[in-house]
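Worksheet: one structure, shown below.
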Amino acid sequence: MRLNDKNWSEGVARLAVKYSAKLTFGEAQEALLELAQIEISENSVWRLTQHWGEALRRVEAQEDERANGTVESLATGKVETKSDVRLGASMDGTMIYIRGEAWKELKVGCFFEIEQAPTLDPETMDWIDLAHARKLSYVSYLGGPEPFGKKMWTESKRRAWHRAGDTQVVGDGAVWIWNLVADYFYDAHQVVDWYHATEHLATAAHLAFGEGTPEASRWFKQQETPLFQGHADRIAQTILALADQHPDTKEKLQEQAGYFIHYHHRMQYMDLRSDGWVIGSGMVESGGRRFKDRFAQAGMRWSRSGAERLLPVRSAYMSRRFDVRWRTAYNSPPN
């Protein structure tokens, strides 16, 4: 089907769907009128997005099949030369409302190249070379970790993860993330996001000394440096000692200590930064916020089918693949 909804032209359909990737359907309608002098109803924008979103989902599935087939063929062929590119991946979750199901977690994954770039240190005001995430691409899945893990694995093949000179995965403390890492990316450098780690450190300070107190601030500053230096296990013991001194918050302090005990091997921040790796998961958290901005604005309630047809549009747009996938979808034979 080349045209949809009262035979809108290909150009109008493409713009309506592309604008809907980043704007509400009503805002897309207004943008089409203001920027392109195209008069189209909000319902028509929605219907076009539903139709072509399903087509883009099929294109994405076809790309997945090719990516999987390409890597599988390597098993019987010659070994490819490793590239000098360093690749990273990160995962997170955000919540959107599905009618009849309430709030459901939308899992978001991000892949990126790691490049060194001069960066201004806000404390020393010196310029230093730090790792940054570049050339980002995103995958998303409304559901459980197992299907999402398969989508992450497929995207890793599309990004030539197997040819990268070295790899890393960054995430917060969610158990499902590290279970997927163990299944699919076990040989990558692993790091718990620095900012999540410091949030747990701040929580321990507040539990022991009171939120907003000078004592809490002072203790936090004292522990922040050893945490960066890779001494999370030592910090855990310090928190356990505090737990014995504060019976009212003992159990919660023990929980915070357990976090640092469990993840200490993924908290070698100074060594990782010195070796040219990123230590924060801001790239996927920013991506999660961008998905949430489109799917979880005030009053938004989605049908599952409606959300699942828009997700491949949003993912393609954020990954800078929309135009390529649109051409494939538009020129594909009708079903």
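Being a predicted model, the structure only gives us computed values, none of them experimental.
- Ser137 and Glu155 share a side-chain donor-acceptor pair at under 3.5 Å.
- When the shell of 6.0 Å around CD of Glu34 is examined, it contains 12 or fewer heavy atoms from other residues, nucleotides or ligands.
- In this pair, His189 and Trp277 present their aromatic rings tilted. The plane angle is within the 30 to 60° band.
- Heavy atoms from other residues, nucleotides or ligands lying under 6.0 Å from CG of Asp84 number 12 at most.
- The aromatic rings of Tyr269 and Trp194 stand perpendicular to each other, their planes meeting at an angle above 60°, with 30° marking the opposite boundary.
- A donor-acceptor pair is defined here as one N or O able to donate and one able to accept, closer than 3.5 Å; such a pair exists between the side chain of Arg294 and the backbone of Ser20.
- Residues Val284 and Phe112 are not in side-chain contact: their nearest non-hydrogen atoms beyond the backbone lie 4.5 Å or more apart.
- To the nearest 0.5 Å, atoms CD (Gln256) and CD (Glu251) are separated by 12.0 Å.
- Between the CD1 atom of Ile235 and the CZ atom of Phe260 there is a distance of 6.0 Å, given to the nearest 0.5 Å.
- Using a 4.0 Å cut-off between charged nitrogen and carboxylate oxygen, Glu113 and Arg134 do not count as a salt-bridge pair.
- Contact check for Glu285 versus His196: side-chain heavy atoms found under the 4.5 Å cut-off.
- The closest donor-acceptor contact from the side chain of Arg57 to the backbone of Trp52 lies at 3.5 Å or more, if one exists at all.
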Start with the C-alpha gap between Leu311 and Tyr141, add the side-chain angles, then the distance that decides, and say whether side chain to side chain contact (heavy atoms under 4.5 Å, CB included) holds. CA-CA 8 Å; Leu311 281 171; Tyr141 184 74; over 6 Å; no
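- In the model, His132 has no side-chain atom that pairs as donor or acceptor with a side-chain atom of Glu115 under 3.5 Å.
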Run the side chain to side chain donor-acceptor pair (under 3.5 Å) check on Arg309 and Thr49 step by step: do they pass? CA-CA 8 Å; Arg309 286 172 178 156; Thr49 304; over 6 Å; no
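- Taking 4.5 Å as the limit, every side-chain heavy atom of Asp183 sits out of range of all side-chain heavy atoms of Trp153.
- Between Lys250 atom NZ and Leu207 atom CG the span is 14.5 Å, to the nearest 0.5 Å.
- At least one donor-acceptor pair closer than 3.5 Å links the side chain of Thr213 to the backbone N or O of Phe209.
- Under a 3.5 Å cut-off, the side chain of Ser319 and the backbone N or O of Arg321 do not form any donor-acceptor pair.
- Note: Gln116 CD to Leu130 CG = 7.0 Å, rounded to the nearest 0.5 Å.
- Between Tyr138 and Val108 the shortest side-chain heavy-atom distance falls below 4.5 Å.
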Decide side chain to side chain contact (heavy atoms under 4.5 Å, CB included) for Leu242 and Gln245; before the verdict, give the C-alpha distance in whole Å, the side-chain angles of both, and the deciding distance to 0.1 Å. CA-CA 5 Å; Leu242 285 175; Gln245 300 168 21; 4.0 Å; yes
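- Remark: side-chain polar atoms of Arg158 are not paired, donor with acceptor, to backbone N or O of Asn68 under 3.5 angstrom.
- Using a 4.0 Å cut-off between charged side-chain N and carboxylate O, Arg325 and Glu63 make a salt bridge.
- The closest donor-acceptor contact from the side chain of Lys107 to the backbone of Gly143 lies under 3.5 Å.
- Taking the six-membered ring for Trp, Trp302 and Tyr97 have ring centres at least 6.0 Å apart.
- Using a 4.0 Å cut-off between a side-chain N of Lys or Arg and a carboxylate O of Asp or Glu, Asp293 and Lys22 do not qualify as a salt bridge.
- One N or O on the side chain of Gln29 and one on the backbone of Ile40 form a donor-acceptor pair closer than 3.5 Å.
- Side-chain contact check for Phe185 versus Leu180: every heavy-atom pair is 4.5 Å or farther apart.
- Within a 6.0 Å sphere centred on CD of Glu211, other residues, nucleotides and ligands contribute 12 heavy atoms or fewer.
- A donor-acceptor pair under 3.5 Å is absent between the side-chain atoms of Thr198 and the main chain of Leu201, judged by distance alone.
- Residues Val45 and Leu32 form a side-chain contact, since some pair of their non-hydrogen atoms from C-beta on lies under 4.5 Å apart.
- Salt-bridge annotation for Arg304 and Glu308: present, with a side-chain N of the basic residue lying under 4.0 Å from a carboxylate O of the acidic one.
- Using a 4.5 Å heavy-atom cutoff, the side chains of Phe228 and Arg273 are in contact.
- A salt bridge links Asp323 with Lys18: at least one charged nitrogen is closer than 4.0 Å to a carboxylate oxygen.
- Side-chain atoms of His246 come within 3.5 Å of backbone N or O of Ala208 as a donor-acceptor pair.
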For a salt bridge (charged side-chain N to carboxylate O under 4.0 Å, His left out) check, start with the C-alpha distance between Glu60 and Lys151, then their side-chain angles and the critical distance, and finish with the verdict. CA-CA 10 Å; Glu60 185 179 292; Lys151 288 179 71 70; 2.8 Å; yes
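- Residues Trp103 and Ile98 fail the side-chain proximity criterion, which asks for heavy atoms closer than 4.5 Å.
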Check the pair Val278 / Gln168 against side chain to side chain contact (heavy atoms under 4.5 Å, CB included), numbers first and verdict last. CA-CA 9 Å; Val278 299; Gln168 80 164 144; 2.8 Å; yes
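- A donor-acceptor pair under 3.5 Å is absent between the side-chain atoms of Gln268 and the main chain of His265, judged by distance alone.
- The aromatic rings of Trp161 and Phe111 sit perpendicular to each other, their planes meeting at more than 60°, with 30° as the lower class boundary.
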Pair Val169-Ser90, side chain to side chain contact (heavy atoms under 4.5 Å, CB included): steps then yes or no: CA-CA 6 Å; Val169 180; Ser90 192; 5.9 Å; no
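- Once rounded to the nearest 0.5 Å, the distance linking CZ of Phe291 with CG of Asp92 reads 12.0 Å.
- Rounding to the nearest 0.5 Å gives a distance of 12.0 Å between CD1 of Ile239 and CD of Glu255.
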